[in-house]
Amino acid sequence: MDKVTNKNTNQRPKFLNLLQIRLPITAVASILHRISGILLFLILPFVIYDLGLSLKSEDGFKLVLESLNRPALQMLGALAVTAVCYHLISGIRFLLLDLGLGHKLQTSRWSARIVIYLAIIMLLLFVTGVVK
Amino acid sequence: MAWQAQGFRAWLLQRLTAVYIGLYLIIASCCFYANISNITYQQWYQLISQPLINVSLVLFFYAVLFHSWVGVRDIIIDYIKPVTLRLSVLTAVALGLFIMTIWVSLILMAVIQL
């Protein structure tokens, strides 16, 4: 009996290449939370540097404003703001899940979908400069 | 070691800092979004040097740095398997976050007006 069970478990296909398996939407929401989190962690030193520069002197303040207005940095800024918004909204979803709300499979799929769609809309709005 | 914040404690602190960060972001953007774009240096400096705003901002950065530690540590432990590499990356991140904590404290405490 044991042997049979073992054999069956061994023969299950192992297919964990993240680029080839199709992740469920809730897993996509979760991994985007991680990616946006890492992104925010990476920009943190630049935020602190800019904060310091902007408070140091009037020239520093102007330098920060000018650099934020450069097109290349505006794109990065748009990405960063999207990451903040996504991380915030998806974080609220996780907190609600922790509180025991929205645990049903259908509900959590649908909330994951809403969070991701909102992020795409925000990215488009920020990148095109409709919202600044 | 306590600073590593593992298990339930890390889980709980991750969520408590998340609530503070989230509320701070929402309240700050509601209060300042309308007129932050044409703020002058003097106004900006005055704003940040107000004790309440200054201290809450310091706490905000501490919360973000701590929240980052727990989050990044979880991700490193999940994806980096070789022990030496894992420990090196963890140490580098911890060191970076520690330096940023001191750095942001110095920046903000230099401008506080008591």
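Because only heavy atoms are used, hydrogens play no part in the values below, and waters and symmetry mates are left out as well, while side chains stay in. In what follows, chains are A, B, ... by sequence order, proteins preceding strands, each numbered from 1.
Both the backbone and the side chain of B:Ile39 come within contact range of chain A, judged by heavy atoms closer than 4.5 Å. For A:Lys56, the part lying near chain B is the backbone, with the side chain staying farther off; criterion is any non-hydrogen pair under 4.5 Å. With a 4.5 angstrom heavy-atom cutoff, B:Ile99 does not touch chain A via any of its atoms. In this structure, chain B has heavy atoms under 4.5 Å from both the backbone and the side chain of A:Leu44. Residue A:His33: no heavy atom, backbone or side chain, is found under 4.5 Å from chain B. Using a 4.5 Å cut-off between heavy atoms, A:Leu95 contacts chain B through its side chain alone, with no backbone atom that close. Contacts of B:Ile21 with chain A are absent, with no heavy-atom separation under 4.5 Å from either backbone or side chain. Residue contact with chain A, scored on non-hydrogen atoms closer than 4.5 Å, is absent for B:Leu106.
Of the listed residues B:His67, B:Gln42, B:Met100, the one with more heavy-atom pairs under 4.5 angstrom with chain A than any other is B:Met100. Contact tally against chain B (heavy-atom pairs below 4.5 Å) for A:Leu88, A:Ile92, A:Asp98: the top residue is A:Asp98. Interface check for chain B: of the options A:Val84, A:Leu51, A:Ile38, the most heavy-atom pairs under 4.5 Å are formed by A:Leu51. Chain B forms more heavy-atom pairs under 4.5 Å with one residue of A:Gly60, A:Ser57, A:Gly91 than with any other, namely A:Ser57. The candidate with the highest count of non-hydrogen atom pairs below 4.5 Å against chain A, out of B:Ile75, B:Val104, B:Val111, is B:Ile75.
Cluster membership check: B:Leu97 shares its hydrophobic cluster with B:Tyr20, using side-chain heavy-atom separations under 4.5 Å among Ile, Leu, Val, Met, Phe, Trp and Tyr. Grouping the Ile, Leu, Val, Met, Phe, Trp and Tyr side chains by contacts below 4.5 angstrom, directly or via other members, places A:Leu125 apart from A:Leu73. Linking Ile, Leu, Val, Met, Phe, Trp and Tyr whenever their side-chain heavy atoms come within less than 4.5 Å leaves A:Leu97 and A:Leu101 in two separate clusters. Note: the hydrophobic cluster containing B:Val19 does not contain B:Leu59 (ILVMFWY, side chain heavy atoms under 4.5 Å, direct or indirect links). Both A:Leu68 and B:Leu47 are part of a single hydrophobic cluster, where members link through side-chain heavy atoms under 4.5 Å apart.
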(request) Would you sort out whether A:Phe61 and B:Thr40 count as a side chain to side chain contact (heavy atoms under 4.5 Å, CB included), showing the intermediate values? (result) CA-CA 9 Å; A:Phe61 181 78; B:Thr40 65; 5.5 Å; no
(request) Apply side chain to side chain contact (heavy atoms under 4.5 Å, CB included) to the pair B:Trp103 and A:Tyr49, showing each step before the final yes or no. (result) CA-CA 9 Å; B:Trp103 188 18; A:Tyr49 176 78; 3.7 Å; yes
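The environment of A:Lys104 atom NZ is sparse: at most 12 non-hydrogen atoms of other residues, nucleotides or ligands sit within 6.0 angstrom. Environment of CH2 in B:Trp44: sparse, with no more than 12 heavy atoms of neighbouring residues, nucleotides or ligands closer than 6.0 Å.
No side-chain heavy atom of B:Val64 sits less than 4.5 Å from a side-chain heavy atom of A:Leu40. No side-chain heavy atom of A:Leu55 sits less than 4.5 Å from a side-chain heavy atom of B:Tyr41. Proximity of B:Tyr79 to A:Arg34: side-chain heavy atoms (C-beta onward) are separated by under 4.5 Å at one or more points.
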